[in-house]
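Just so you know, residue 1 is the first one in the sequence shown, and it goes up from there. Just the heavy atoms: all of them, side chains too, but no hydrogens, waters or symmetry mates, feed the values below. When a ligand or atom number is given, it counts from 1 through the structure's own listing order.
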Amino acid sequence: MKVTAAVALAKGEPLVIQELILDAPRATEVQVRMVASGVCHTDAIVRDQLYPTPLPAVLGHEGAGIVEAIGEGVTSVEVGDHVLLSFSSCGVCSSCVSGHPSYCIHLYDLDFGGARPDGSTAFTADDGTPVSSHFFGQSSFASVSNVAERSVVKISKDAPLELMGPLGCGIQTGAGAVLNVLRPEAGSSIAIFGSGAVGMSGLLAAVVANATTIIAVDIVDSRLEFAKTLGATHTINSKDEDAVARIREITGGGVNYALDTTGNKFVFAQMTKSLGVLGHGALVGAAAPGTEAPIDIGSLLLTGLKISMVIEGDSVPQTFIPQLISLYEAGVFPFDKLVKKYDFADINEAFADSESGVTLKPVVIF
Ligand code: NAD
């Protein structure tokens with residue numbers, strides 16, 4: 001069938017909206033008509049080829065839509081179901097079977113490989129050129145896409161599909177790092193470095209967990225002001241003041257939990273220094289392979305602190321995302337405040353607004 005897609009044709013270039021041919025869903029694939037898709041930094045990183053998914057490619061990995069057809073062997077959804085799309089995983093490796101699919105040993109191939117495991121792509125250009133598909137198992141920047149069943153999360157028909165997509169990656173990442181990995185106790189303290197979509201999701205999750213000292217650190221005042229409206233009890237502009245000293249002052253010796261969403265090696269070092277004894281920090285911000293952070297292992301040894309490297313909030317999307325939707329519906333996880341909607345035709349504007357910081361979480365509507 002003919003579909004309309006935003007195609008990454010060349011490194012660093014804006015996406016081009018064009019018609020492509022989509023093949024029929026294969027075994028264990030779900031054909032989804034997209035209603036909306038979030039735009040994430042990882043889409044921009046791959047458009048710019050920091051990760052070498054072969055171009056041309058249909059990117060997009062925060063899709064939400066309606067099941068149009070199912071391939072052989074699909075059991076989790078039926079035609080007409082409303083679905084949200086997350087990352088893909090193999091389902092059989094030791095990480096997957098132990099409940100940690102974001103550490104699937106095949107994650108890179110399944111999510112960034114640009115093709116099915118047999119090497120075929122779901123999309124073809126008019127001139128017969130194969131176009132990379134199955135980005136994060138889904139390639140959601142297309143009006144219809146063939147999605148790996150492992151990426152599909154069935155949701156209630158009452159949930160607003162136009163809003164739900166970002167739960168599949170950015171929101172799940174920040175919220176999951178806090179709720180699944182750091183697990184702050186009620187009354188504890190947490191510092192969150194970076195107040196973008198991922199950091200703000202972590203902040204909302206810290207509020208859900210009843211952390212009572214929630215410190216947002218960023219270098220942009222407007223983001224810090226916004227963080228206060230979401231529940232930050234303290235904010236620090238680390239361009240203007242020493243974040244480590246201020247956090248240690250606020251908490252009287254160091255914070256219990258910390259999250260680095262920047263991927264900046266100096267911020268990572270700040271995070272380790274801001275933790276108190278037996279503190280737990282987590283990194284979710286992406287840095288280029290080869291990045292090494294300067295941390296003082298001599299002093300840190302005495303503190304007993306823990307550092308976790310966290311992918312996709314260490315979530316099982318099929319269980320964690322419905323929990324986040326329940327929290328949203330209960331009014332205690334207002335992630336909709338992060339979202340701004342764009343027409344699909346304006347997808348490059350959505351990318352630009354995300355990169356400039358104008359918009360926290362753009363969502364394109366089909
Ligand atoms: P974003 O750009 O919207 O937010 C980053 C924030 O960090 C911005 O507000 C920026 O002002 C702030 N910042 C930059 N430098 C800083 C510094 N030196 N000190 C303090 N703050 C600083 O990005 P996002 O959408 O929130 O994503 C955050 C990161 O998470 C990205 O690197 C993204 O690729 C990554 N990510 C990781 C996963 C995962 O599974 N681990 C999943 C999704 C996204």
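- Summary of contacts: the protein heavy atom closest to atom 22 (C) of ligand 1 is T262 CG2, 3.6 Å.
- Which of G174, A286, A243, G194 comes nearest to atom 31 (C) of ligand 1 through a heavy atom is settled by distance: it is A286.
- Between A197 and ligand 1 there is a heavy-atom distance shorter than 4.0 Å.
- The list of ring pair (Phe, Tyr, Trp, His ring centres under 6.0 Å) pairs with a residue in residues 44-97, not counting sequence neighbours, reads Y51-F112, H61-F135, H61-F136.
- Among pairs with a residue in residues 59-83, those fulfilling salt bridge (charged side-chain N to carboxylate O under 4.0 Å, His left out) read R33-E68, E62-K361, D81-K154, at least two apart in sequence or across chains.
- Atoms of ligand 1 found under 4.0 Å from any heavy atom of S195 (numbered from 1 in listed order, with element): 6 (C), 9 (O).
- With ligand atoms numbered from 1 in the order given, ligand 1 contributes 29 (C), 30 (O), 32 (O) to contacts under 4.0 Å with heavy atoms of G285.
- Counting heavy atoms closer than 4.0 Å to ligand 1, residue C169 contributes side-chain atoms (C-beta onward) but none from N, CA, C or O.
- Within the set L338, I192, V267, D314, the minimum heavy-atom distance to atom 19 (N) of ligand 1 is found for V267.
- Less than 4.0 angstrom separates some heavy atom of S238 from each of these atoms of ligand 1: 19 (N), 20 (C).
- Each of V32, T4, V3 was evaluated against V144; a single residue qualifies, V3, per the side-chain contact (heavy atoms from CB on, under 4.5 Å) test.
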Practice task
Before giving the answer on side chain to side chain contact (heavy atoms under 4.5 Å, CB included), spell out for Y328 and L324 the whole-Å C-alpha distance, their side-chain angles and the decisive distance to 0.1 Å.
Solution key: CA-CA 6 Å; Y328 165 71; L324 292 180; over 6 Å; no
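- Taking only nitrogen or oxygen atoms, main chain and side chain alike, L360 does not reach within less than 3.5 Å of ligand 1.
- Closest protein heavy atom to atom 42 (C) of ligand 1: T173 OG1, 3.1 Å.
- With 3.5 Å as the limit, one finds no donor-acceptor pair spanning the side chains of S238 and Q270.
- Of the protein's non-hydrogen atoms, the one nearest atom 29 (C) of ligand 1 is T261 O, 3.1 Å.
- Heavy-atom proximity to V220, at under 4.0 Å, picks out these atoms of ligand 1: 11 (O).
- Considering each of N237, V284, D218, T359, the one bringing a non-hydrogen atom nearest atom 41 (N) of ligand 1 is V284.
- In terms of protein heavy-atom proximity, atom 25 (O) of ligand 1 is nearest to H41 CD2, 3.4 Å.
- Using a cutoff of 4.0 Å between basic side-chain nitrogens and carboxylate oxygens, D336 and K341 are not scored as salt-bridged.
- Residues S89 and R150 bring a donor and an acceptor atom of their side chains to less than 3.5 Å of each other.
- For D221 and N237, the side-chain atoms include at least one donor-acceptor pair closer than 3.5 Å.
- No more than 12 heavy atoms of other residues, nucleotides or ligands shown are found within 6.0 angstrom of CD1 on I297.
- For atom 27 (O) of ligand 1, the closest non-hydrogen atom on the protein side is V198 CG2, 3.4 Å.
- Of all the heavy atoms in F141 and D43, the pair that sits closest is CZ-OD2, 3.6 Å.
- Taking atom 14 (C) of ligand 1 as the reference point, the nearest protein heavy-atom neighbour is I219 CD1, 4.0 Å.
- G196 CA, 3.3 Å is the protein heavy atom nearest to atom 4 (O) of ligand 1.
- At under 3.5 Å, a nitrogen or oxygen of V310, whether backbone or side chain, sits near a nitrogen or oxygen of ligand 1.
- Protein heavy atom nearest atom 40 (O) of ligand 1, with residue, atom name and distance: E312 N, 2.8 Å.
- Side-chain atoms of S189 and N256 include a donor-acceptor pair closer than 3.5 Å.
- No side-chain donor-acceptor contact under 3.5 Å links T262 to the backbone of G194.
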